[in-house]
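Numbering of residues begins at 1 and proceeds along the displayed sequence. Counting convention: from 1, in listed order, for ligands and their atoms alike. Scope of the values below: all heavy atoms of this structure, side chains included, with no hydrogens, waters or symmetry mates.
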Amino acid sequence: MTGDVTARAAWLRAEIARHDRAYYELDAPTIPDAEYDRLFRELQALENDHPALSTADSPTRRVGGRPLAQFAPVAHDVPMLSIQTETDTDASGALNFDARVRRELELGESDPPVDYAAELKFDGLAVSLRYEHGVLVRGATRGDGTTGEDVTQNLRTLRQIPLRLAGAAGDIPPLLEVRGEVYMRRDDLDRYNAAAAARGDKTLVNPRNGAAGSIRQLDPAIAAGRPLKFFAYGIGAVDGWKLPETHSGLLDALAAFGLPVCEHRAVLAGGDALAGFHRQIAALRGELPFDIDGVVYKVNRLDLQARLGFRSREPRWAVAHKYPPQEALTVVEAIDIQVGRTGALTPVARLAPVFVGGVTVTNATLHNADEVERKGGLCIGDTVIVRRAGDVIPEVVGVVAERRPADARPFAMPAACPVCGAHVVREPGEAVARCSGGFSCRAQRIQAILHFAGRRMMDIDGLGERYVERLVEFGYVHGVADLYRLTLDDLLEMKRRADERDNGAGDSETGLPVTGDAADPSRGRLVPEPGATDGIVGETLRAGQVPTRWAENLLAGIAASRTPKLARLLFALGIRHVGETTAKTLADWLGSIDRVRRAPAPLLAVLPDIGATVAAAIADFFSEQRNLDAVDALFAAGVAPADAHAPHPGLAGRLDWAGLYAALGVPRLTPVRARQLAAVADGERLLAGLPENHGLPAEVAAELAAWLADPVHRDLLDRLAGLRGELLAALPAAGQGAAAASAVSGKTFVLTGTLPTLSRDAAKEMIEAAGGKVSGSVSKKTDFVVAGEAAGSKLDKAQALGVAVIDESGLLNLLEQGEEQ
Ligand code: IVH
C-alpha cells in the first residue's frame, strides 16, 4: 500500500463528509448526485482492495455491515435520565416548574428571573453517540437508562449523524457523548409507506414506531432504507473539553461540531415566558414536519443545573410540558359507505368514542379502498391508531395488528351502490369507486339536477341550489324529468312547507336573511345579498298577497329548456368524463341520443378525440337501466333535442373494421393486426368464427378466439356490427364513400381560421377519408382553401393566387357530392 493510496482515501473521506454535511445539514447540495456516487464508489473500491485503509469514520460504513445475531449491551458511563413530566397542558405547567426551581435555588421574590433553555420534546427514540477524538465509535439506545444496546451500525446509516465531528483538531474533545433523538418526518413516512405498499412490503404505523423500530433492527440494511433523522439535545460523558456555561451554549457548540440541532429553541427568562413558548409551539405543532408531544424547559446555566441535581432518575433542572395527545387507540365498530354528491363511494370507520386532539372522535374517513389496504387491510373489530392534529380531520393512521380479534371481519368495497343499488365502477388507475347511478341515485340527485340545470347545459333560469335542495327534500323532484311536471301549485306548496319548517327564520323564498324593513310584509322589499344569483328577488309585496312571480318565472325557465340542443342535453346528463366538447362530438357525429345510447364503447372510441376511457364511461352510463329509464322519462316529459340529425358524413371514413377491431380491447390485437384481420373478415363474418386464411400469428389468433368465445364479447361485436350498418345506411348520402372518386379525391386543401362546427382535425380527417390531401400552406397547386372565422394570411394568398375559397358548408357539400357519385 502506497502513501498515495492512503492520502487519496483520506481525501475522499473528507470530501464525501463535506458533501454529506452540505446536503443533509445545510440542505445545500454542493455536487450532483452522480459525482457524489462516483467518489463514494472510488472509496469503497480502495477500501476493498486495502482493508487496512478502512476507518471507523469512513462514509462507506453508512451502508451497513452484516446483520447481527443480537445487540451487545452498552453500559452508560453517565446514565440516560428520564425527564419529569408536567401534565397540565395549560400555563400552570410552566409556572409550577419555575416556582419549584426558584424554591430549590432559594431565590426570593426580588431575585431576577431564572433563564431557561426551551426546546421541543421530540417523539422518537433517545440515543447516545460516543465520539472519541472526534470519530463516532459507538451509538447506543437508552435501554433502562443504565444499560442500552449497541446500535452503532444502524446509527451510522443516518446521513445527518456526522461520522467525524467538524472543527479544528485542537477544539475536538478526546471524549464526547452526544445525546439526542432519532425521529422520522411525517412526509418522509408517508413517502416511505407509499413506496413500501407499492412493493407489497409492510408499512410503518407512525413516525415514532418507524424510528424506534428501524434502530432496533439487527440488519443494518433495514435502517439504511428508512428515512431517519436526528436532533441533538444534550450530552453524556465528556473528557478533556471545557464545557460552555449554559445549555444553549452547549447546543451551539454541538451544532458547530456538525450535529443537527433543532432551530425551534429559545432562551427565556421566567415562568411566564415559558408559558408563552408552550402556547406558541402549540400553534406551530400542526405545521411542524415531525411529531412532538410537548416542549422541554431546562435551567440554562449549567452551574445551576449542578446545584439543583437529581431526584431519583430525573433531573430537578428540567421538565417536559406536554400537549394533549394527538393519537389514541380505539376500536373500529363498523365501516359504512357514504355516497358523495359526485357518486364517489367513501368508506367511513365508525369508532368507539375516543378523546384525541382535544375532541371526542367517533368516526374517521378511510378515503378509498386503496387506503384501507395501505392501512394493513383494516378489518371491522380492529384496534386502530386515530390521529387528530390541530384542526385537521381525524384520521386512522394504522392498525395494531397484534390486537386483531379472531372474529375480525375484512372490509370490501360493495359492488352495488348502498343508496340506489346501481353498479359500482372503478376505472383503471383510479383510487375512487363510483356509483354508476348518476342522476338516478338519491345521493347524487341534488348535484346532478344542479348540473343538469346549469348554464352550459339545459340552462334553466332561476333553478338555483336552494330550490333544488327543497324540491328534492320535500319529494317534488326525484329525477330530472320531474322538473318538467312541476306545477305552480307544487311550487307554492313547497314554499309554504319550507316556510313552516324554517319557522320564519330568514326568508325561505330566497334563502336570504330578511334585512331591515323586509320583516314587515306590507312594506317589504327583499334585499339580495351582493352577488346572489339564487332565487328571484326584488318582488314588491302588498299585505295579504301570495308572491307567485318567482314560481311563474321558474316554471317559464323550465319550459324554455324543453328543446335543448342535443349536445347540451348530452352534457346535462352528467356522464362521467363527458364535458362540453365530448358532448358536442357525440352530437355532431351521431346526431341523435338514441344512437349515442346504443353505441358500444369501440364505436364511440373511433370518434374524434374520444379515447378508450371516455368511450367506456359513456357506454357504462347507458348500460345502467336506471339511467336509460331517466332518459326515457325526460322524453316522456316532453324534452326533445331541437337539432337531431343524420350521422356525420365523415363517419363513413371512421367505421372501417380495422379501426373498430383495434378499439375492441382484444389482447395483442394491435392496430396492425386489426388491419390484417379486417382484410379477411368483417364483424358479421367474424361472429361466425375466425376464417382459415387469417394469416395472424398463432398467439394473436388464440387470444382472439378466446375473446370471441365469451358471450359478452359476442354480444358486443353483434351490436357493433348492427349499429355500424345502421349508421352507414343513415348517412346523408348512403354510400361507403371513403376513397371513392369524388370532388374531394386527389384534391389539395388548405384549412385556415376557425370553422363553425368542425375542428381542424375533424375536417382534415374527413378530407383525407374522401381521398383528398390537406396541406399547411397555399400555393398554385392548392385546389381549395377552406376559410373559417379569423382566417389570416392564407386567405389573402389564396385570393392573390386565384385559388378557390370555400367555407365549411362548401366543404361538406363537396364531401357529399363525392359520395353520391
Ligand atoms: S433531555 C435530563 N430534551 O424525552 C433530561 N429529552 O424522558 C434528558 N426527549 O426519551 C433528556 N426531546 O429522548 C431532552 N429536547 C429534549 C427531548 C428529550 C425528547 C425525550 C428523550 C427521552 C425522554 C426523556
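When only interatomic distances are considered, the shortest N/O to N/O separation between Ile83 and ligand 1 falls below 3.5 Å. Checked against a 3.5 angstrom limit, the closest N/O atoms of Gly180 and ligand 1 fall outside it.
Other residues, nucleotides and ligands contribute at most 12 non-hydrogen atoms within 6.0 Å of the CD atom of Glu245. With a 6.0 Å radius and a threshold of 12 heavy atoms from other residues, nucleotides or ligands, Arg216 has its CZ atom at or below the threshold.
Closest to atom 12 (N) of ligand 1 among all protein heavy atoms lies Phe122 N, 3.0 Å. Here the protein heavy atom with the shortest distance to atom 11 (C) of ligand 1 is Tyr233 CE1, 3.8 Å. Protein heavy atom in closest approach to atom 23 (C) of ligand 1: Lys121 NZ, 4.1 Å. Of all protein heavy atoms, the one closest to atom 8 (C) of ligand 1 is Leu81 O, 4.0 Å. For atom 20 (C) of ligand 1, the nearest protein heavy atom (residue, atom name, distance) is Glu181 OE1, 3.6 Å. In terms of protein heavy-atom proximity, atom 1 (S) of ligand 1 is nearest to Lys298 NZ, 3.4 Å.
Taking 4.5 Å as the limit, every side-chain heavy atom of Asp382 sits out of range of all side-chain heavy atoms of Val400.
Every atom of ligand 1 with a heavy atom of Ala126 under 4.0 Å away is listed here by number and element: 10 (O), 13 (O). The Glu119 neighbourhood of ligand 1 comprises atoms 3 (N), 15 (N), 16 (C), with distances under 4.0 Å to a heavy atom of that residue. Atoms of ligand 1 lying under 4.0 Å from any heavy atom of Pro315, numbered from 1 in the order shown and given with element: 2 (C). Short contacts between ligand 1 and Trp317, defined as distances under 4.0 Å to a heavy atom of the residue, involve ligand atoms 2 (C). Of all the atoms in ligand 1, the ones that sit under 4.0 Å from a non-hydrogen atom of Ser82 are 7 (O).
With 3.5 Å as the limit, one finds no donor-acceptor pair spanning the side chains of Thr152 and Arg138. Side-chain contact check for Glu327 and Asn206: at least one donor-acceptor pair (N or O, by modelled atom type) lies under 3.5 Å. There is a side-chain donor-acceptor pair under 3.5 Å between Asp98 and Tyr116.
Heavy-atom separations between Gly234 and ligand 1 are all 4.0 Å or longer. Assignment of Leu120 to the shell around ligand 1 is supported, since a heavy atom sits closer than 4.0 Å.
A donor-acceptor pair under 3.5 Å links the side-chain atoms of Thr330 to the main chain of Ala352, judged by distance alone. Side-chain atoms of His321 come within 3.5 Å of backbone N or O of Asp90 as a donor-acceptor pair. Panel note: side chain Arg142, backbone Val127; no donor-acceptor pair is recorded below 3.5 Å.
At a 4.0 Å heavy-atom cut-off, ligand 1 does not touch Asp123 at all.
Glu104 and Arg311 are not joined by a salt bridge, as no carboxylate oxygen comes within less than 4.0 angstrom of a charged side-chain nitrogen.
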